[in-house]
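Notes follow the structure.
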Amino acid sequence: MSHASAAIALGIPTIGNVARPCLTVASGTALRELAHVHLHRATLLETDVVSLDGYRVTAAARTVLDIAREHGVAAGVVAADFALHAGLIDAASLAAAFEVCMRWPGRKAARITLASADGDAESPLESLSRLRMAATGVPAPRLQPEICDEFGRFIGRPDFFWDEFGVVGEADGDLKYERGRAAIVEERRRQQDFEQVGLIMVRWGWADLYSFDGVARRLWSAFRRGAPLGSRERRWGILGPSLRLHP
């Protein structure tokens with residue numbers, strides 16, 4: 001199994017339709033056609049294949065780049081972010097897989113996926129939002145930082161953070177609110193905590209991805225209104241190996 005079929009077997013999220021199951025056979029194999037199957041012929045190194053419940057499946061790094069080459073950058077980055085975040089791959093294994101396919105069809109999408117992947121992303125919505133930001137000229141954010149107040153007390157971990165503008169972004173998927181009112185109250189409290197230290201929050205959801213220009217305009221408006229570097233309104237810090245607090 002390979003491509004989207006391998007992704008499903010490995011638990012890696014996919015976007016778009018999966019019309020037929022995908023199989024890959026080694027180059028030179030006599031088999032050229034198989035009914036009801038999208039058959040691929042390609043180089044298969046020993047490290048490209050793993051055994052899963054008795055089936056041969058392309059390894060996670062190879063699967064991610066196969067998806068990027070066949071379905072495009074968006075599908076590739078969603079798969080790559082998840083695989084990195086879940087520990088299925090690391091940057092080195094993804095780079096090694098790219099070396100194998102760097103001259104194959106779809107290599108540009110694979111190269112962009114390799115450069116864009118970020119294991120700090122925690123959902124497909126966050127992954128796709130980053131791509132929309134890049135396409136609309138929004139500055140690249142920091143992902144999932146731990147924000148504290150001026151006394152070092154932890155406030156929260158936003159999906160996106162622009163420290164230079166004093167803005168946080170939240171990509172709200174529907175699953176976040178499946179707990180009902182309790183989830184809504186908790187999110188409202190988090191937003192208030194961020195705002196009390198001088199941060200501006202911008203929210204968006206899945207529907208906003210179809211026309212991200214509106215989100216981009218709201219982000220740029222927040223950037224203009226936010227507390228710039230050196231402002232007395234900046235009452236937050238970023239928790240890390242060494243705590244950095246703003247005056």
Side-chain angles (χ1 to χ4, degrees), residues 1-18 21-27 38-135 140-146 157 159-161 171 173 175 209 240-241:
M1 290 186 287
S2 65
H3 297 74
S5 298
I8 292 170
L10 294 167
I12 297 173
T14 61
I15 59 173
N17 295 326
V18 181
C22 291
L23 298 179
T24 294
V25 296
S27 299
H38 187 176
L39 189 66
H40 301 262
R41 296 162 58 83
T43 299
L44 285 171
L45 303 179
E46 184 177 345
T47 54
D48 287 335
V49 181
V50 297
S51 178
L52 185 65
D53 295 331
Y55 295 94
R56 288 166 57 81
V57 180
T58 51
R62 170 65 181 266
T63 298
V64 165
L65 294 183
D66 281 348
I67 288 173
R69 291 189 306 105
E70 183 169 50
H71 297 289
V73 172
V77 171
V78 165
D81 284 0
F82 176 89
L84 287 166
H85 187 79
L88 300 178
I89 62 174
D90 56 24
S93 64
L94 193 61
F98 177 73
E99 290 296 321
V100 176
C101 70
M102 63 186 302
R103 293 181 175 83
W104 297 356
R107 56 187 173 273
K108 181 178 179 180
R111 184 182 300 109
I112 296 172
T113 294
L114 177 65
S116 304
D118 192 324
D120 286 335
E122 294 186 341
S123 73
L125 177 55
E126 293 177 31
S127 301
L128 294 173
S129 293
R130 287 204 334 276
L131 295 177
R132 298 292 194 275
M133 289 174 197
R142 181 170 176 174
L143 307 185
Q144 306 291 340
E146 294 189 337
R157 206 159 49 91
D159 298 332
F160 305 98
F161 181 49
L175 291 176
L209 293 185

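Applying the side chain to side chain donor-acceptor pair (under 3.5 Å) test to Ser93 and every residue at least two apart in sequence or in another chain returns Asp90. Scored by the side chain to side chain donor-acceptor pair (under 3.5 Å) test, Arg157 finds Glu122, Gln144 as partners (sequence neighbours excluded). With sequence neighbours excluded, no residue forms a salt bridge (Lys or Arg N to Asp or Glu O under 4.0 Å) with Arg132. Among residues two or more places apart in sequence or in another chain, the side chain to side chain donor-acceptor pair (under 3.5 Å) test is passed with His85 by none. Asp120 meets the side chain to side chain donor-acceptor pair (under 3.5 Å) test with no other residue; sequence neighbours excluded.
Annotation for Ala68 and Ala109: closest pair O-CB, 3.3 Å, computed over non-hydrogen atoms. When all heavy atoms of Phe82 and Leu88 are compared, the pair lying nearest together is CE2-CD1, 4.2 Å. In plain terms, the two heavy atoms of Leu94 and Ala117 that are nearest each other are CD2-CB, 4.3 Å. Closest non-hydrogen pair, Leu143 versus Ala121, comes out as CD1-N, 3.9 Å. For Phe160 against Ala171, the heavy-atom pair with the smallest separation is CE1-CB, 4.0 Å. Considering all non-hydrogen atoms of both residues, Val64 and Ala80 come closest at CG1-CB, 3.6 Å.
The only option from Leu114, Leu131, Ile112, Ile67 that meets the side chain to side chain contact (heavy atoms under 4.5 Å, CB included) definition with Val77 turns out to be Leu131. Across Asp48, Leu10, Val50, a single residue satisfies side chain to side chain contact (heavy atoms under 4.5 Å, CB included) together with Thr63, and that is Leu10.
Considering CG of Asp118 and CG of Leu84, their distance stands at 8.0 Å, rounded to 0.5 Å. Taken to the nearest 0.5 Å, the CD1 atom of Ile89 stands 7.5 Å off from the CG atom of Leu65. Summarising the geometry, atom OG1 belonging to Thr58 is positioned 12.5 Å from atom CG belonging to Leu45; distances are rounded to the nearest 0.5 Å. We find the OG-CZ distance between Ser2 and Arg56 to be 11.5 Å, quoted to the nearest 0.5 Å.
With contacts defined as side-chain heavy-atom distances shorter than 4.5 Å, the pair Val78/Thr14 does not qualify. Between Ile15 and Leu128 there is a side-chain heavy-atom pair separated by less than 4.5 Å. At least one side-chain heavy atom of His40 sits under 4.5 Å from a side-chain heavy atom of His3. Two residues are said to be in side-chain contact when any heavy atoms from C-beta on lie closer than 4.5 Å; Met1 and Leu23 meet this criterion. Arg62 is listed as a side-chain neighbour of Leu44, based on a closest heavy-atom distance under 4.5 Å. The closest side-chain heavy-atom distance from Trp104 to Thr43 is below 4.5 Å.
For residues 67-84, the set of pairs meeting the salt bridge (charged side-chain N to carboxylate O under 4.0 Å, His left out) definition, not counting sequence neighbours, comprises Asp66-Arg69, Asp81-Arg130.
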